Amino acid sequence: MDSIKQLDDAYVAHTYAPRFPVVLTGGKGSLLFGEDGWEYIDMGSGIGVNAFGACDEVWQKAVSEQAAKLQHTSNLYYTEPCARLAQALCERTGMKQVFFSNSGAEANECAIKVARKYGAEHLGPEHYTVLTLKNSFHGRTLATLAATGQDVFHKDFLPLTPGFAYVEAGDLEGAKNILDSVPCCAVLLETIQGEGGVQVMEPSFVAGLARLAAERGLLLMVDEVQTGNGRTGKLFGYMHYGLSPDVITTAKGLAGGLPLGATLLGGKAAGVLTPGSHGSTFGGNPVCCAGALTVLERLSDDFLAQVTAKGAWVRSQLEGAPGVVSVSGLGLMLGVETRRDAGEVLAGCQARGVLPLRAKNKVRLLPPLNIPDNLLAQAVQVLREECAKQI
Ligand SMILES: *Cc1c(COP(=O)(O)O)cnc(C)c1O
């Protein structure tokens with residue numbers, strides 16, 4: 001392991017805090033295999049990406065068959081996986097069109113461009129500001145960085161892309177004041193702030209924000225990069241809130257482990273993008289889309305009910321357990337506030353073969369959506385014991 005670690009430390013840019021001391025060489029379902037010969041229970045799925053775990057057979061077959069047929073074409077031509085995936089996404093959401101890209105940040109970049117074009121065309125050239133929430137996370141490109149309502153990500157990269165205003169989650173009065181004083185084109189929010197510490201938005205706040213946007217003719221845009229694709233027990237997080245968004249962005253779990261971003265356009269945003277207004281060389285890649293089709297097909301109502309049930313069971317095991325302060329989240333997107341430092345709990349879990357994530361001061365759980373109950377129970381037991389340890 002030292003040699004891989006040394007190579008990585010020497011040659012890979014140091015944009016991440018030192019990696020955990022585990023070299024992963026493979027996986028099967030909800031198990032990950034380390035170079036050290038250990039089997040780890042995956043409670044992070046590559047930050048909500050490997051929706052059906054490692055090397056899932058259905059996904060693997062679709063992806064490898066498409067890779068053997070045609071791995072890429074330019075956007076000058078049609079391919080079946082791209083067209084079918086767009087159809088499936090629209091039919092499942094009531095949206096009208098999809099723009100495909102390769103990541104969450106790109107999906108949000110597209111949404112921001114749509115918002116600006118919509119604002120200029122329907123509200124006036126001064127209507128270019130997007131209202132986002134404090135503590136949000138929308139990506140690392142210059143525009144999505146500006147959309148992200150956290151100063152820690154902004155410092156070192158000033159000046160920020162103009163055209164963003166921020167309001168505290170829950171502060172409807174503040175949102176109204178901004179929308180009344182700044183000409184805006186859209187509001188953008190995560191229904192559960194993932195990177196922000198698995199913070200679930202209050203239904204009354206979300207409904208109020210949607211109403212404020214609707215009254216002013218602004219686009220309602222939901223960032224479902226992390227909450228999408230079954231993660232919360234519904235296909236998309238906004239579906240818990242009864243919203244009708246104009247724009248939905250998603251990525252992470254969409255293609256089950258391959259890079260794919262999608263910006264779904266409906267309502268007031270349908271038809272805003274016109275030839276030449278946006279593009280991506282890799283967007284809609286047929287291998288990624290073939291993988292995504294298998295993910296979407298399996299996210300049936302029955303399956304989503306199982307995600308909800310697994311999440312509820314985890315919650316029942318952790319809420320009120322010794323050393324657990326609180327549990328937040330929906331479905332299999334959970335944040336566990338611990339009495340011990342979250343980093344120490346994480347390290348303790350790793351040392352015992354369980355790999356959760358972290359979000360702010362919480363231990364974050366994003367296991368594969370189909371994690372078997374016995375592995376989930378083992379992982380939760382380890383987490384409980386680590387939480388209960390004395391400080
Ligand atoms: C991860 C994430 C992003 C950024 O996605 P990338 O694929 O890393 O660009 C954007 N929004 C939310 C809500 C996310 O969780």
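By convention here, the first residue in the shown sequence is residue 1. Please read these numbers as outputs of a predicted model, since none were measured by experiment. Order of appearance sets the numbers: ligands from 1, and atoms from 1 within every ligand.
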Item to check | Distance-only N or O hit between ligand 1 and Gln226, under 3.5 Å | outcome: yes

Next on the checklist: Geometry only, no angles: is Phe137 polar-contacting ligand 1 at N/O separations under 3.5 Å?
Outcome noted: yes

Item to check | Heavy-atom neighbours of Lys28 NZ exceed 12 at 6.0 Å | outcome: yes

Checklist entry - Does atom CZ of Arg84 have more than 12 heavy-atom neighbours from other groups under 6.0 Å away? => result no

Item to check | Glu190 neighbourhood, listing ligand 1 atoms whose heavy-atom distance to it stays under 4.0 Å | outcome: 13 (C)

Item to check | Per-atom contacts of ligand 1 with Val225, taking only distances under 4.0 Å to non-hydrogen atoms | outcome: 1 (C), 2 (C), 3 (C), 5 (O), 10 (C), 11 (N), 12 (C), 14 (C)

Sub-3.5 Å donor-acceptor pair from the side chain of [X] to the main-chain atoms of [Y], do we have one?
{"X": "Trp59", "Y": "Ala255", "value": "yes"}
{"X": "Thr93", "Y": "Met95", "value": "yes"}
{"X": "Glu224", "Y": "Tyr238", "value": "yes"}
{"X": "Arg352", "Y": "Gly348", "value": "no"}
{"X": "Thr144", "Y": "Ala105", "value": "no"}

Under-4.0 Å heavy-atom contact with ligand 1, by part of [X] that carries it:
{"X": "Ser103", "answer": "both"}
{"X": "Asn108", "answer": "side chain"}
{"X": "His138", "answer": "backbone"}

Any idea which protein heavy atom is nearest [atom], and the distance to it?
{"atom": "atom 6 (P) of ligand 1", "value": "Gly104 N, 3.5 Å"}
{"atom": "atom 11 (N) of ligand 1", "value": "Asp223 OD2, 2.8 Å"}
{"atom": "atom 14 (C) of ligand 1", "value": "Lys252 NZ, 2.9 Å"}
{"atom": "atom 9 (O) of ligand 1", "value": "Ala105 N, 2.8 Å"}

Next on the checklist: Please list all pairs meeting ring-ring contact (aromatic ring centres under 6.0 Å, His included) that have one or both residues in residues 282-340, counting only residues at least two apart or in different chains.
Outcome noted: Phe52-Phe303, His72-Phe282

